Amino acid sequence: MFSDLRDLYQEVILDHYKRPRNFGLLKSANREAEGHNPLCGDQVTIYLQVEDGIVKDIRFQGAGCAISTASASLMTDALKGKSLQEVEALFERFHRLVTDSSAEAGPELGKLAILAGVREYPVRVKCATLAWHTLQAALRGSGTVTTE
Amino acid sequence: MTFTAQAHRTLTPAAVEGLRADFPILRQTVYGQPLVYLDNAATTQKPQAVLDAIAALYTGYYSNIHRGVHHLSQLSTEAHEQARTKVQQFINARSDREIVFVRGCTEGINLVAQTFGRERVGPGDEIVISAMEHHSNIVPWQMLCQEKGAVLKVAPIDDRGEIMLEAFEQLLGERTKLVAVVHLSNALGTINPVARLIELAHARGIPVLVDGAQAVSHMAVDVQALDCDFYVFSGHKLYAPTGIGVLYGKAELLEAMSPWQGGGDMIRSVSFEKTIYSDLPYKFEAGTPDIAGAIALGVAVDYVQHIGLEAIAGYEQELLDYATEALTAIDGVKLIGTARDKASVLSFVLAGVHPHDIGTILDRKGIAVRAGHHCAQPVMQRFKVPATARASFAFYNTRAEVDALVAAIQQVQEMFG
Ligand SMILES: Cc1ncc(COP(=O)(O)O)c(C=O)c1O
């Protein structure tokens, strides 16, 4: 009954929605940015502690749908310990994964690959990328972003 | 032979099936499921009669209006002006001079803000709205207040989503230059006691604009009985196309107002020294209007009047009551908007599931609802929710569709465990 909806709402996604990882304020943050999706009211703040070009710690806060919350949670898990160069490369790959139906997941994406299902739901792509765009804003120091 | 009183008749399920057949778009499947269209507060679907009227115009007698001596121009002009008369009768305005065709409800409100508002509102003056307004009945007044150094006052609503009458009355003062209030809330379904609000405002000499965007398709509206000063609505929520709407204004107010946009049709004579404006309503209708839209709106008005607004309201009320009961019986559903006087709108949230996810899952089951803030962010803030899911009904919806909605919500819950 749920077959194709289950491609989007996989157990891992629902799990990260109900029990988001790395959730809450990061006191030691030296970068942060806030992102909004005004259409659905999703709102996320990303906190980063970056030292010597490495993401030492990363957390997020906010309220959103299952897709945006799970995406933020999975993202924070994936980026901890990565260099800024690796972060940039992952962003590119992830973006392609959720927007380009011919993109292959590839092992470097790890658990993030689970969000590939979102590309069958074009109006939900913004939910999956909100945390990532907010992350970029934090790294560039541009404060707030909105996706619409 | 017996006659039944028209005013009290309601629609039977068989009659509704017959009416559904008038809407070609409803006969389709979405993701393999029969379409259940429950987004009528955003816009309504169009009956064949409206579609036919547009085709008949463009294939038979289309021309520009008001300026041709030729045959087609006369036919088009006549049809356009007949539509105006139909709208006048539909809302019981005194004269068709009081019916200004605009692009939609939003444009109608902006027109009033930019003419009447700019002329009457000065520094320190106040405009009163309610806490359940659509953005289109907030932002034009904010812009005006900013320009003039005036103050926007907001009448609060209670936990049911009803306007708080005493607080509203207290906001009306010496400096209040206008009240602008929604008739039927698109986010909550509340029917405001507009006649009472108008009475309170008029007792202090304050004019009132009513946003009728949602109301006109769900209840009989009589602008003279209400005694409102302005009434605005969009055609597309009344089974007509987008691009056409109506601003009703009392003739004496419209006459005193300066024009809004300048151009052709709104002038009697132009020289470089002096321009003399046309009479009402043409003074406010600069440029070639949406001719097909106006004619189609006239046909849509005929269509709903043929069914009867009382019959529509009666049927929709039963359907809303049925849906309200069914939804509240689901554990975890919370209705946002439980006013005692409601129509057509069921806004709700579901414990543990974001409205956006509800919307996506329902969509895959062929059910079109809206998830979001419904252009009423202050309402979301008032009820402390980021968004709601909203099912909104028209007379072509059925109990079977409500049952499909309920079953789908239960499946959402199963999925989210
Ligand atoms: C209560 C209310 N007012 C105003 C509007 C604006 O109507 P339009 O977008 O057709 O101008 C809407 C439409 O959603 C509405 O529901």
Side-chain angles (χ1 to χ4, degrees), chain A residues 1-20 23 34-45 60-73 98 114-131 134 146-148, chain B residues 29-33 39 42 134-135 138-139 187 332 336 347-390 404 407-417:
Chain A
M1 161 176 64
F2 293 138
S3 54
D4 66 340
L5 277 166
R6 273 290 178 211
D7 291 343
L8 181 63
Y9 294 105
Q10 303 200 27
E11 284 305 332
V12 176
I13 289 179
L14 294 178
D15 179 52
H16 276 261
Y17 172 54
K18 291 177 201 162
R19 282 172 290 277
F23 189 85
E34 201 183 311
H36 291 277
N37 182 341
L39 278 183
C40 49
D42 286 354
Q43 179 264 321
V44 67
T45 306
F60 81 102
Q61 256 183 334
C65 63
I67 306 303
S68 77
T69 304
S71 178
S73 173
V98 295
I114 208 134
L115 281 156
V118 83
R119 61 194 184 197
E120 302 302 323
Y121 298 79
V123 296
R124 305 303 301 276
V125 169
K126 282 163 193 152
C127 307
T129 56
L130 177 63
T134 309
T146 64
T147 61
E148 200 165 3
Chain B
T29 55
V30 172
Y31 301 111
Q33 314 269 353
D39 196 16
H134 187 279
H135 294 166
I138 302 173
V139 183
I336 305 294
S347 249
F348 62 95
V349 291
L350 193 53
V353 190
H354 191 278
H356 216 182
D357 296 310
I358 301 174
T360 291
I361 296 169
L362 264 46
D363 176 50
R364 290 284 153 148
K365 301 185 177 308
I367 303 171
V369 298
R370 182 140 296 221
H373 53 59
H374 319 295
C375 292
Q377 285 181 347
V379 173
M380 302 299 116
Q381 287 150 17
R382 166 66 178 78
F383 288 92
K384 298 190 172 57
V385 291
T388 73
R390 181 188 71 188
I409 292 171
Q410 283 162 342
Q411 288 174 344
V412 171
Q413 288 185 312
E414 270 173 53
M415 182 168 245
F416 273 72

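On a predicted model such as this, the values are computed, not experimentally measured, just so you know.
- Contacts between Val353(B) and chain A at a heavy-atom distance below 4.5 Å involve the backbone alone (N, CA, C, O).
- Annotation: side chain of Glu120(A) is not in contact with side chain of Asp7(A) (no heavy-atom distance under 4.5 Å).
- A donor-acceptor contact shorter than 3.5 Å links the side chain of His135(B) to the backbone of Gln377(B).
- Taking 4.5 Å as the limit, every side-chain heavy atom of Ile67(A) sits out of range of all side-chain heavy atoms of Tyr121(A).
- Of the listed residues (Cys375(B), Gly352(B), Gly359(B)), the greatest number of heavy-atom pairs within a distance under 4.5 Å of chain A belongs to Gly352(B).
- With a 4.5 angstrom heavy-atom cutoff, Ala63(A) does not touch chain B via any of its atoms.
- Among residues two or more places apart in sequence or in another chain, the side chain to side chain donor-acceptor pair (under 3.5 Å) test is passed with Arg382(B) by Asp159(B).
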